[in-house]
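Below is one structure; the comments refer to it alone.
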Amino acid sequence: GLFKTLKNGRRGGESVTLRQSQLTSASLTPPHTNTTKMAFAGKWETESQEGYDAFCKLLSIPDDVIAKGRDYKMVTEITQDGNTFSWTQLYPANAKVANTFSVDKEADMETIGGKKFKATVHMDGGKLSVKFPNYHHTSEIVGGKLIETSTSGAVVFKRTSKKI
């Protein structure tokens, strides 16, 4: 039919009738889809880091590599097609790690150290969350910034990046 009746939750069970043309112009996003996740797409550059040294030491990264990366403005490039993300991080000396994953589906992933593992990325309230071999990682957009937090026990590494 051309008409669809929706309950609007008012007392008395009043209903609203919308024409088909009104429905197609309205957002037909399923209720479980969080449209803020589209905000991840783009190029991001490190603006600030907290807990960097302690986190790198925890992962047994050599001191000289820690020193090189401390003030490096890492670029993260993110593309998105629906629930599928391609996440590329460019490190010093032209090193890069690219992971492609779909939310809630197991994917083959790789760490900066080249370790390959399987993981499932989840999204909850616009925050991406994944369990790496030695830590838990979340990514979210807050105030137009990409906030990435990696946690292992009491050690927390937080990287804030700005869109470029």
Taking it one step at a time, do Lys43 and Thr76 satisfy side-chain contact (heavy atoms from CB on, under 4.5 Å)?
-> CA-CA 6 Å; Lys43 271 190 175 179; Thr76 301; over 6 Å; no
Give the C-alpha distance, both sets of side-chain angles, the deciding distance and a yes or no for side-chain contact (heavy atoms from CB on, under 4.5 Å) between Asp104 and Asn83.
-> CA-CA 9 Å; Asp104 294 331; Asn83 278 334; over 6 Å; no
Quick one: do Arg159 and Met74 satisfy side-chain contact (heavy atoms from CB on, under 4.5 Å)? Show the steps, please.
-> CA-CA 10 Å; Arg159 179 172 47 232; Met74 186 178 74; 3.1 Å; yes
Give the intermediate values and the outcome of side chain to side chain donor-acceptor pair (under 3.5 Å) for residues Ser129 and Thr138.
-> CA-CA 4 Å; Ser129 167; Thr138 61; over 6 Å; no
Stepwise side-chain contact (heavy atoms from CB on, under 4.5 Å) check, Leu128 with Phe85 = CA-CA 11 Å; Leu128 292 169; Phe85 291 80; 4.1 Å; yes
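Under the 3.5 Å distance criterion, the side-chain polar atoms of Tyr135 are left unmatched by any main-chain donor or acceptor of Val155. Listed for the Ser161 side chain is no donor-acceptor partner under 3.5 Å among the backbone atoms of Glu47.
Considering all non-hydrogen atoms of both residues, Asp108 and Lys118 come closest at OD1-NZ, 2.6 Å. Taking each heavy atom of Ile78 and Leu146 in turn, the nearest pair found is CD1-CD2, 4.1 Å. Heavy atoms only, all atoms of each residue included: Lys73 and Thr46 are closest at CD-O, 3.1 Å. Contact record, Met109 with Val121: CE-CG2, 4.0 Å, taken as the closest heavy-atom pair. Residue Asn99 comes nearest to Glu110 through the heavy atom pair OD1-N, 2.9 Å, listed as atom of the first residue, atom of the second, then distance. Contact between Ser152 and Asn134 at its shortest, heavy atoms only, is OG-O, 2.9 Å.
By the 6.0 Å contact criterion, CG on Asp81 is open, its count of non-hydrogen atoms from other residues, nucleotides or ligands being 12 or less. Atom NZ of Lys57 has more than 12 heavy atoms from other residues, nucleotides or ligands within 6.0 Å. No more than 12 heavy atoms of other residues, nucleotides or ligands shown are found within 6.0 angstrom of NZ on Lys115.
Taking CZ of Phe117 as the start and CD of Glu106 as the end, the distance is 10.5 Å to the nearest 0.5 Å. The CH2 atom of Trp87 sits 9.5 Å away from the CD atom of Gln80 when rounded to the nearest 0.5 Å. A distance of 6.5 Å separates OH of Tyr52 from CD1 of Ile66, quoted to the nearest 0.5 Å. Here Glu148 contributes atom CD and His137 contributes atom NE2; the two are 4.0 Å apart, rounded to the nearest 0.5 Å. Rounding to the nearest 0.5 Å places OG1 of Thr111 at 9.0 Å from NZ of Lys116. Between the OG1 atom of Thr79 and the CZ atom of Phe40 there is a distance of 13.0 Å, given to the nearest 0.5 Å.
The shortest side-chain heavy-atom distance between Lys105 and Thr120 does not fall under the 4.5 Å cut-off. Looking only at side-chain heavy atoms (C-beta outward), Ile147 and Lys158 come within less than 4.5 Å of each other.
Between Asp53 and Arg70 a salt bridge is recorded (basic side-chain N to carboxylate O distance below 4.0 Å).
In this structure, Leu90 is not a member of the same hydrophobic cluster as Trp44, with clusters built from ILVMFWY side-chain heavy atoms closer than 4.5 Å. The cluster map of Ile, Leu, Val, Met, Phe, Trp and Tyr, joined by side-chain heavy atoms under 4.5 Å apart, puts Val75 and Tyr72 in different clusters.
Judged by distance alone, the side chains of His136 and Ser150 never bring a donor and an acceptor atom under 3.5 Å apart.
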